[in-house]
Amino acid sequence: MQTNDSTPYITFEHLFITRSLYANAYFIARSTASPINLPFVRAGICMSLAILTASVLPLYLTLFSSFIIPMVGICFFILLTIFFMFILPCVVKGQGAKIFDSNKLIELPFTISLFKSFFEISNEKETIRQYWTEVDRSLETSDMFVILGGKQRPLLLIEKQQLTNEQQNSLSSFLQKMLAYKHKKIT
Amino acid sequence: MHNNPIVINYLVTKDDLYQFASAWIKERENKVERWCCRIIGLAVVIFGLIGAIFLTSFTLQRTIYLLLIFVGLAIGLFYDTLHLYLMKKKTAAYVNHQKCESETLFFNETEMQIQLENYQAIIPYKMLYLVKETEHLYIIKIGMDHIRYVPKRALTLQERERINQYFKTELKENFKREGVG
């Protein structure tokens, strides 16, 4: 990389974040933190438990001539499956939207400059310098780049639509070089 | 009317971090979640008791119902027992993980200025989400996910009164006081 810390490698100007985009990014960030956070993984576990409980129903019925407990178990796990698959994603997105609404500084148009050892976000009211070592991970989805970690801006997102194809490619390769295994492409 | 801003320059101490982490964790506590746990726990205990007394005459099935009672107790009492211990551990982990840096803040009538090594901002009070005054700190929420704090030990009594006045005037109901006389 031929940059030093006085000249930015890339600068993107006039970027902005919308509420729905932020809510989606928040959901993606939360659900990709660990495989167990993925809705279909949680729902799959609950569904398996429901099937497992159903499989002991005949045995239970033979032993105790009652099926109340297994039926309660089956209903409980099915309800949990529905909750993890359909309700929780909406709740998490709602939390993301709430965070966006609460922080008026996120709404402001911003400029981001990427340097060799840090990146700088500046808007009308604030300037944030965040070192790459503070970044926990970065994600690249089909419509945005998400950089997670740091104290001042724990979730930074850049919408791909606001960048040219060339800019998207250079940002993607820069993040890959800079963050190596911390950078993940999600298709 | 004072025209000169209040300048606060202080070095964060472990005690400040501890006070902040405790206040922050207390605030993040979800009351709905706590009561849901208690209600679900109570429902499971009642179901277990009814099952054990009225619904069975088999020893093994009675054992299952008794186990359900224990599960119910564990769910219902989680927030009053294990949760407190986990929160203390979390606070200690936060305090040990943070750096004790020097911070400079300026407060004037309509806005505050933050000057840190990696963060500079001029934020009008009207853009703040919430400010809470506790016994030891001012917790300043720029947003739900962006929180700063000012230890009250870094301010004189007169400065605190002035800051309170600014917050009261600009933030109105978004300025809250908790545990302060």
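We use all heavy atoms of the structure for the numbers below, so side chains are in, but hydrogens, waters and symmetry mates are not. First the proteins, then the strands, lettered A, B, ... as listed; each starts at 1.
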**OP:** Would you mind checking which part of A:Ile68 comes under 4.5 Å of any heavy atom in chain B, side chain (CB onward), backbone (N, CA, C, O), both or neither?
**Re:** side chain
Subject >> Pairwise distance CG(B:Asn164) to CG(B:Leu155) - rounded to 0.5 angstrom >> reply: 9.5 Å
Original post:
chain A: which of B:Ile114, B:Leu128, B:Ile64, B:Ile123 shares the most heavy-atom pairs with it under 4.5 Å?
Top reply: B:Ile64
Subject >> Over 12 non-hydrogen atoms of neighbours within 6.0 angstrom of NZ in A:Lys184 >> reply: no
Original post:
Within 45° of the six-membered ring axis of B:Phe175 and under 6.0 Å from that ring's centre, is NZ or CZ of B:Lys132 located there?
Top reply: no
Original post:
Where on A:Tyr131 is there a heavy atom nearer than 4.5 Å to chain B: the side chain, the backbone, both, or neither?
Top reply: side chain
Subject >> Ring centroid separation A:Trp132 to A:Phe119 under 6.0 Å >> reply: yes
**OP:** Report yes if the distance between the aromatic ring centroids of B:Tyr119 and B:His146 is under 6.0 Å, otherwise no.
**Re:** yes
Original post:
Which bit of B:Leu116 comes within less than 4.5 Å of chain A, counting heavy atoms only: side chain, backbone, both or neither?
Top reply: side chain
Original post:
Using a cut-off of under 4.5 Å for heavy-atom pairs, which of B:Leu130, B:Asp145, B:Ile147 has the most such pairs with chain A?
Top reply: B:Asp145
Subject >> Top contributor to chain B contacts, counting heavy-atom pairs under 4.5 Å, from A:Gln152, A:Arg129, A:Lys98 >> reply: A:Gln152
Subject >> Centroid-centroid distance, B:Tyr166 to B:Phe107, less than 6.0 Å >> reply: no
Subject >> Interface moiety of A:Tyr60 toward chain B, non-hydrogen atoms closer than 4.5 Å >> reply: side chain
